There are 2 protein chains.
Amino acid sequence: MKNNVTMRDIAMKLGVSSVTVSKALGDKEGVSDELKAKIKQVAAEMNYRYNTAAKSMKEGLSYNIGVIIPERFTGLAQSFYLRIYQHISSLLDSYGYYGILNILNSEDEEQLNLPRIYSEKKVDGIIVIGQISKEYIEVIENMDLPKIFTDFYDEHADIDSVITDNFYGSYEITNYLIRNGHRDIAYVGNLHSTSSIQDRFLGYYKSLLEHDIPLNNNYIINDRDKRGKYIDIEIPTPLPSAFVCNCDQVAYLLTDKLKSMGYNVPADCSVVGFDNDIYATLTSPSLTTVEVDIEQMATTSVNSIMQKVTQPNKRFGRVLVQGKIVYRDSVRSLNENHGDKVQSIVV
Amino acid sequence: MKNNVTMRDIAMKLGVSSVTVSKALGDKEGVSDELKAKIKQVAAEMNYRYNTAAKSMKEGLSYNIGVIIPERFTGLAQSFYLRIYQHISSLLDSYGYYGILNILNSEDEEQLNLPRIYSEKKVDGIIVIGQISKEYIEVIENMDLPKIFTDFYDEHADIDSVITDNFYGSYEITNYLIRNGHRDIAYVGNLHSTSSIQDRFLGYYKSLLEHDIPLNNNYIINDRDKRGKYIDIEIPTPLPSAFVCNCDQVAYLLTDKLKSMGYNVPADCSVVGFDNDIYATLTSPSLTTVEVDIEQMATTSVNSIMQKVTQPNKRFGRVLVQGKIVYRDSVRSLNENHGDKVQSIVV
DNA sequence: CTGAAAGCGCTTACAG
DNA sequence: CTGAAAGCGCTTACAG
């Protein structure tokens with residue numbers, strides 16, 4: 001780097017000391033306004049650029065936050081985590097921080113390799129987005145750094161995580177179906193696949209319980225195998241009047257399947273999703289679904305990690321981010337007279 | 001940072017100098033194998049972590065590459081650039097580098113604000129993904145750093161850019177349609193919106209020229225307004241036998257429109273796209289399209305920037321990344337007897 | 001094979 | 001209001 005202007009260069013040019021330059025550029029006390037202005041001007045003229053590395057070394061801070069995302073969550077149709085990262089990166093900026101993305105490949109996850117961002121002291125804290133193996137959680141936990149888990153959690157009490165309120169969102173949207181006269185409601189999702197799917201199921205179940213609707217095992221429908229790969233969805237007979245899907249993509253696949261079998265959505269049966277991602281509007285009819293608040297997840301994650309950087313002993317526990325129902329065209333009301341907004345739907 | 005083990009600590013523990021520790025951990029010459037092993041062992045025991053900041057300061061390198069993406073290219077349906085960034089980030093790892101994402105918001109772009117990654121010497125080079133304003137290109141050009149433009153270019157001769165071979169890809173896929181007997185072929189895209197759309201149009205036009213098919217102005221169909229917002233696509237009469245769309249999403253919208261008008265794709269007319277993104281398989285029938293090689297774009301961008309970091313005077317010019325045609329179900333062959341793979345399509 | 005010295009560019013007390 | 005000194009943690013000549 002030839003063109004390397006330092007504070008010392010500015011100082012020499014003006015016949016002052018580099019301490020004075022440091023104070024002036026940092027807007028500290030102890031320099032006359034006049035001199036301060038002069039120094040700033042000369043700095044600009046000389047195209048001076050502040051050297052963060054020196055500051056980092058002095059203060060023992062990197063001003064970076066590492067964001068770890070397991071590779072398997074970064075497929076073509078999965079931009080959700082990348083999108084959270086994008087917001088995190090922007091939010092960090094207002095703290096004077098930067099986000100360093102670390103895609104965790106399965107090999108490193110399996111062999112429990114420490115991320116380089118950690119072993120090279122590249123970051124002051126870590127945000128992990130997306131479920132990782134128990135063993136790797138352990139690895140992360142042992143790292144001598146503040147950390148936040150986003151969109152998943154672990155039973156360990158002392159881990160802070162930011163998660164969507166899957167349980168409540170699913171509970172609410174099932175309530176909505178029931179308010180609209182549905183009682184034969186199926187749930188679509190592999191209950192043993194992820195904690196999100198499980199929690200969403202439990203919200204659905206709670207709604208059934210509260211309305212004295214018995215849980216029908218034939219109405220719990222698998223959507224994916226152990227590896228998370230989607231399988232053909234089996235439509236139960238008799239046909240339920242509504243399906244609560246664990247995510248929009250599955251709602252999309254289900255709707256396709258129903259249509260191919262000659263059913264009309266929502267005339268013959270209603271379908272709701274979760275996430276409000278691209279599939280929600282791609283599905284025809286467009287999906288009534290629970291919107292996951294990506295920005296809020298990012299905001300909460302960033303605020304939490306930044307607090308932990310300055311106060312390492314701070315604890316947050318499991319922080320829930322509320323979703324909200326987005327009403328579209330995939331639900332039919334079975335009530336005779338109703339004042340609900342679904343009344344516009346042709347029955 | 002309480003638990004701050006340095007080389008000096010290891011050195012004291014072993015009664016050697018920190019120089020020796022540095023050599024041992026860095027696998028340099030001049031330390032006996034025995035001592036080297038001992039030092040490494042103690043370092044591990046003490047949970048020593050290398051301090052990159054010190055190295056950075058010594059060498060004047062940050063070991064970061066900044067990746068700038070304009071905010072307007074990061075919408076819900078646009079994960080393309082984020083995805084390139086993801087690959088860039090992974091590829092950088094093999095160079096011992098990290099990628100720092102910088103979403104450029106429109107305000108900073110308009111006011112020509114320098115990115116903080118630059119003014120704080122946070123990065124050794126910059127990759128800009130996605131068209132930015134002329135004025136901001138100027139700002140970037142004046143930065144005293146190696147830079148690469150990805151997925152767009154500027155007329156300035158001295159700027160290195162990595163772009164998809166839009167022209168050739170579009171030329172090839174139009175040739176493919178013509179080989180399959182099509183002669184009434186429309187192009188869908190706003191010619192004045194982006195250089196990609198324009199170049200894709202020119203590839204289409206070249207194919208027509210080579211086959212002595214006159215360009216029909218009614219067959220150049222607008223798809224978006226000045227701001228890039230999609231508009232309703234007007235279907236020309238008589239109906240062309242095929243549509244070359246400037247991207248998959250537009251092919252998706254067009255196909256929907258055609259179906260709503262009662263046309264059958266590809267029986268009544270064929271449709272091809274560009275990108276091979278999520279819309280290609282979401283469209284029914286799935287699209288024959290030109291796949292943009294995201295990984296290769298990322299690889300070329302990373303290799304180029306890394307070379308420029310060590311050799312600042314290196315120039316690459318406009319580097320084209322070849323796409324490849326992905327054959328699916330949206331094209332019908334109009335030939336009587338043909339040995340092409342499209343013959344399996346029911347006519 | 002091993003280590004004392006100097007320096008990377010900044011900032012924080014502290015002294016004047 | 002201004003500046004000399006020391007130090008952040010490492011590495012690169014250089015000397016032994």
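In this text, all values refer to a predicted model and were calculated from it rather than measured experimentally. In what follows, every chain begins at residue 1, and chains take the letters A, B, ... in the order their sequences are listed.
Remark: P of D:dC1 and CG of A:D27 are 13 Å apart, rounded to the nearest angstrom. What separates CE of B:M57 from P of C:dC10 is a distance of 9 Å, to the nearest Å. Between the CD atom of A:E29 and the P atom of D:dG3 there is a distance of 17 Å, rounded to whole Å. The distance from atom CZ of B:R8 to atom C1' of D:dT11 is 14 Å, rounded to the nearest whole Å. Rounded to whole Å, atom P of D:dG3 lies 15 Å from atom NZ of A:K36. In this structure, the CG atom of A:L14 is 17 Å from the P atom of D:dC1, given to the nearest Å. Summarising the geometry, the separation between CD on B:E34 and C1' on C:dC1 is reported as 12 Å, rounded to the nearest angstrom. Computed from coordinates, the B:M7 CE to C:dG3 P distance equals 15 Å when rounded to whole Å.
Using a cutoff of 4.0 Å between basic side-chain nitrogens and carboxylate oxygens, B:D154 and B:K134 are scored as salt-bridged. For the pair A:R83 and A:E295, the salt-bridge criterion is not met [side-chain N within less than 4.0 Å of a carboxylate O]. Contact check on B:K147 versus B:D160 returns no salt bridge, with no Lys/Arg side-chain nitrogen under 4.0 Å from an Asp/Glu carboxylate oxygen. We find that B:D27 and B:K40 are joined by a salt bridge, their nearest charged nitrogen and carboxylate oxygen being less than 4.0 Å apart.
Side-chain N/O atoms of B:S17 include none lying less than 4.0 angstrom from OP1 or OP2 on C:dT2. Residue B:S56 places no side-chain N or O under 4.0 Å from the OP1 or OP2 atom of C:dC8. Taking only side-chain nitrogens and oxygens, A:T6 never comes nearer than 4.0 Å to OP1 or OP2 of C:dG9. Side-chain nitrogen and oxygen atoms of A:N4 include at least one within less than 4.0 Å of the OP1 or OP2 phosphate oxygen of C:dG9. Of the side-chain N and O atoms in B:T20, one or more sit less than 4.0 angstrom from OP1 or OP2 of C:dG3.
Between D:dG9, C:dT2, D:dT12, one nucleotide has an atom nearer to the side chain of B:S32 than all others, and that is C:dT2. Counting only heavy atoms from C-beta on, B:V31 has its side chain closest to C:dT2 among C:dT2, C:dC10, D:dC10. Checking D:dT12, C:dG9, C:dG3 against the side-chain heavy atoms of B:E59 singles out D:dT12 as nearest. Nearest nucleotide to the side chain of A:V19, out of D:dC10, D:dC1, C:dT12: C:dT12.
A:K23 comes within contact range of at least one nucleobase, with a heavy-atom separation under 4.0 Å.
Note on ring orientation: taking the six-membered ring where Trp is involved, the planes of B:F149 and B:F152 are parallel (angle under 30°, cut-offs 30° and 60°).
Remark: C:dG16 base-pairs with D:dC1. Criterion, Watson-Crick or G-U wobble with two distances under 3.5 Å.
No donor-acceptor contact under 3.5 Å links the side chain of A:K58 to the base of D:dG9. Side chain B:K121 to base C:dG9: no donor-acceptor pair is found below 3.5 Å.
Between A:Y85 and B:Y85, the distance from one ring center to the other falls under 6.0 angstrom.
Between B:D33 and A:A53, the residue anchored nearer the 5' end of DNA chain C, judged by the nucleotide with its closest heavy atom, is B:D33.
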